[in-house]
Amino acid sequence: MNQTNQSSEVRVRFAPSPTGPLHIGGVRTALYNYLFARKMGGKMLLRIEDTDQNRFVPGAEDYIIEALNWVGIQIDEGQSVGGPDAPYRQSERKGIYQKEAFRLVNEGKAYYAFDTPDELDAMRARLEAANAPAAQYNAITRMQMKNSLTLPPADVQARMDAGEPYVIRLKTPHKEEVRLNDLIRGWVNVHSSAIDDKVLLKSDGLPTYHLANVVDDHLMKITHVIRGEEWLPSAPLHVLLYRYLGWEDTMPQFAHLPLLLKPEGNGKLSKRDADLGNFPVFPLQWNDKETGNVARGFREDGYLPAALVNFLAFLGWNPGTEQELFSMDELIEAFSIEKIQKGGARFDIDKAKWFNHQYIRQVADSELAPRIQMDAQAAGFDCSLEKAAKIAALLKERVNFAGDIFPEARTIFYTPDTYDETIRATKWNDDAQRAVGAFRDALRAYEGDFVAENIKHTLSEAMQQAGIKQGKIMQAMRLALTGSGTGPDLMLTMEIIGRDETLVRLHQALERLN
RNA sequence: GGCCGAUUCGUCUAGCGGUUAGGACAUCGCCCUUUCACGGCGGUAACACGGGUUCGAUUCCCGUAUCGGUCACCA
């Protein structure tokens, strides 16, 4: 029935479950899928795997879409954009999975099971007590359970007619070697005895992940399944499903990505680690409506999407060159599955900050200005966009985040009310006093443009005339002007402060520091 | 515990039989500078262990150890 995919167009999908905010590892998975799709000139699909009604979280789907959009991952087909295989929400595709599940039963590859949760627990407890090799529903134990393999057909029919809940389970072969060739890991062999009789269709009529993802990937003509390593143990089961469904000849290729690990200690990266390390694990801020908790996001923390993407791309992949900074287009150009790492990658937020620093300094001053203006206003200061842009130019190379700029520029906005005592004690001496006085007088007489270059010239001339070595008094000058011993370029700072205010500050310093 | 996977500086990694084992983050030092940063230069720092294969193993094979993942009517 199914002929080989003639078009050979690469088609990949990102298939998250809307159970909450998208984890940063999920963003990386989406990114790798996207890079691969674009690199191969293929398509990127977005499918929502919402087959667990109990775990459904309102708003999660919108969050996922907004997050992908923010990082710059464009969806070609799928939820939010539509496409030929709609609907892309699995809860709306119920009938499709049921049809395939019943087909498997009819073909003898699956069966109905009526066991209650209590009965299943009892079975597992019994097997564990008996020290059985594996406490699972499988080729051996299924013959002692309540299912269409053990019950008389009439009984099965009666139960179904009576509306008794049932599931459909895969009739996993007893002894069979299942192989799959993972693009990242090579051949992986698993014996079918290690795979239990997985539930394919739940008693609520919805499929489990295993059935749904295989059916959808086939129907949507997915050519490559790129997903997290946590799926590797069930990948052989999926291979088995493709075989039983008769789709093995068009089965997609698999690539199981290494996991994102905790910064220190053992295990995969969790929200808790992020809180401990004081960094986000979600792309966007998430407001939990039930608990009222707010989980921070990379966006709200001031990370640029380009920086996050660059950082994430390098967590588990490397082009093999010494270039570190890559735009999305460059990543697409350089990307290849072969260069994906096999081992898990520890999450190092310092590296993320460094990437952000690299990108922040490239942002135009005018783009940074509104944020600075906003921060200034929040602190109670007026700030024109022109002034904010100048401040951006003054400080952007020094910071990791746009939000760090205003705090460093704070002294620009007000005449010092206090002066750093340590600097005062060590730097405020007779020469400093004379220097500030001489500079003030020179500035009063100066009538040209009040720009850094001219201010610098005025200052050095004044110091020369006063016979003072400029380097000796610069920190005192800074103290006089800003009240602080440290900060960005002083001449530019004065330019931004303006002539009048500069004079006011010099004057006040002479009065208050003596 | 069974099954599957992984293992190069503290961290992310390059390496695909012969290298002074390279880069980046972090760290330390020096320089630059009006200070603090930025930046520049340099330093410390790694092939988990044991067997093979080979003239030669970080690289190939087998064990061991360690770490991770997974064993639901969750994805």
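All of these numbers come straight from a predicted model, not from anything done at the bench. For the numbers below, each heavy atom of this structure counts, side chains included, while hydrogens, waters and symmetry mates do not. Note on naming: letters A, B, ... go to the chains in the order of the sequence lines (proteins, then strands), and numbering restarts at 1 for each one.
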### Message
Main chain of A/Thr51, side chain of A/Lys202: is a donor-acceptor contact present, judged purely on distance under 3.5 Å?
### Response
yes

### Query
Just how far, in rounded Å, is P of B/A75 from CZ of A/Arg47?
13 Å

### Query
Counting N and O atoms only, with roles assigned by atom type, does the side chain of A/Arg55 sit under 3.5 Å from a partner on the main chain of A/Thr19, one being a donor and the other an acceptor?
no

### Message
Does A/Arg227 reach a base, just sugar-phosphate, or nothing at all? Heavy atoms under 4.0 Å.
### Response
nothing

### Query
Are the side chain of A/Asn356 and the backbone N or O of A/Ala307 linked by a donor-acceptor pair below 3.5 Å?
no

### Query
Which whole-number value in Å describes the distance from A/Leu259 CG to B/G69 C1'?
7 Å

### Task
Using a heavy-atom cut-off of under 4.0 Å over every strand shown, decide if A/Gln470 touches base, sugar-phosphate, or nothing.
nothing

### Task
Report yes or no: is there a donor-acceptor pair, N or O only, under 3.5 Å between the side chain of A/Arg346 and the base of B/U11?
no

### Task
Take the protein atom CG of A/Leu232 and the nucleotide atom P of B/U70, then report the distance between them rounded to whole Å.
11 Å

#### Entry: Length of the line joining A/Glu119:CD and B/C73:C1', which is rounded to integer Å
14 Å

### Message
Taking any heavy-atom pair under 4.0 Å as a contact, classify A/Lys339: base, sugar-phosphate, or nothing.
### Response
sugar-phosphate

### Query
With a non-hydrogen cut-off below 4.0 angstrom, is A/Pro236 in contact with a base, only sugar-phosphate, or nothing?
nothing

### Message
Mind checking if A/Gly228 touches a base, just sugar-phosphate, or nothing, with heavy atoms under 4.0 Å?
### Response
nothing

### Query
Within the structure shown, what part of the strands sits under 4.0 Å from A/Asn189 by heavy-atom distance: base, sugar-phosphate, or nothing?
sugar-phosphate

### Task
Applying side-chain contact (heavy atoms from CB on, under 4.5 Å) between A/Ile412 and each of A/Leu481, A/Leu395, A/Leu394, A/Thr482, report the one that passes.
A/Leu394

### Query
Does a salt bridge link A/Asp431 with A/Lys472, judged by any charged N lying under 4.0 Å from a carboxylate O?
no

### Task
Could you check which residues of residues 191-205 of chain A get a heavy atom under 4.0 Å from RNA chain B? Sort them by number, please.
A/Val199, A/Lys202, A/Ser203

### Message
Out of the candidates A/Leu331, A/Leu35, A/Ile337, only one should pair with A/Trp317 under the side-chain contact (heavy atoms from CB on, under 4.5 Å) rule; please name it.
### Response
A/Leu331

### Task
Report yes or no: does A/Arg434 contribute a side-chain atom to a donor-acceptor pair with the main-chain N or O of A/Ala466 at less than 3.5 Å?
yes

### Message
Taking the nucleotide of RNA chain B with the nearest heavy atom to each, does A/Trp231 or A/Met474 sit closer to the 5' end?
### Response
A/Met474

#### Entry: P-based separation of B/G50 from B/C32 [nearest Å]
48 Å

### Message
Looking only at the side chains, is there a donor atom on one of A/Tyr97 and A/Asp216 sitting less than 3.5 Å from an acceptor on the other?
### Response
yes

### Query
What's the NE2-C1' distance between A/His23 and B/C74, to the nearest Å?
16 Å

### Task
Take atom P in B/U66 and the same atom in B/C73, then report the distance between them in whole Å.
32 Å

### Query
In whole angstrom, what separates A/Leu261's CG from B/G68's P?
8 Å

### Summary
B/G29 -> Watson-Crick or G-U wobble partner, both distances under 3.5 Å, gives B/C41

### Query
Okay, side chain of A/Arg28, backbone of A/Leu315: is any donor-acceptor separation there less than 3.5 Å?
yes

### Message
Between A/Gln341 and B/A14, is there a contact of a side-chain N or O with OP1 or OP2 at under 4.0 Å?
### Response
yes

### Message
At less than 4.0 Å, is any side-chain N or O atom of A/Lys268 found next to OP1 or OP2 of B/U70? Yes or no.
### Response
yes

### Query
Relative to the 5' end of RNA chain B, which residue comes earlier, A/Gly343 or A/Glu408, by the nucleotide with the nearest heavy atom?
A/Gly343

### Task
Remember a base hit wins even if backbone is also touched, and classify A/Pro18 as base, sugar-phosphate or nothing at under 4.0 Å, heavy atoms.
nothing

### Task
State whether A/Arg169 places a side-chain N or O below 4.0 Å from either non-bridging phosphate oxygen (OP1 or OP2) of B/C73.
yes

### Message
Side-chain N or O of A/Thr51 versus OP1/OP2 of B/A75: is the shortest distance under 4.0 Å?
### Response
yes

### Summary
Looking only at B/C25, B/C73, B/U34, the nucleotide nearest the A/Lys351 side chain is B/C25

### Query
Does a side-chain N or O from A/His256 land closer than 4.0 Å to OP1 or OP2 of B/U70, or not?
no

### Value in whole Å for how far the P atom of B/C67 lies from CG of A/Asn266
6 Å

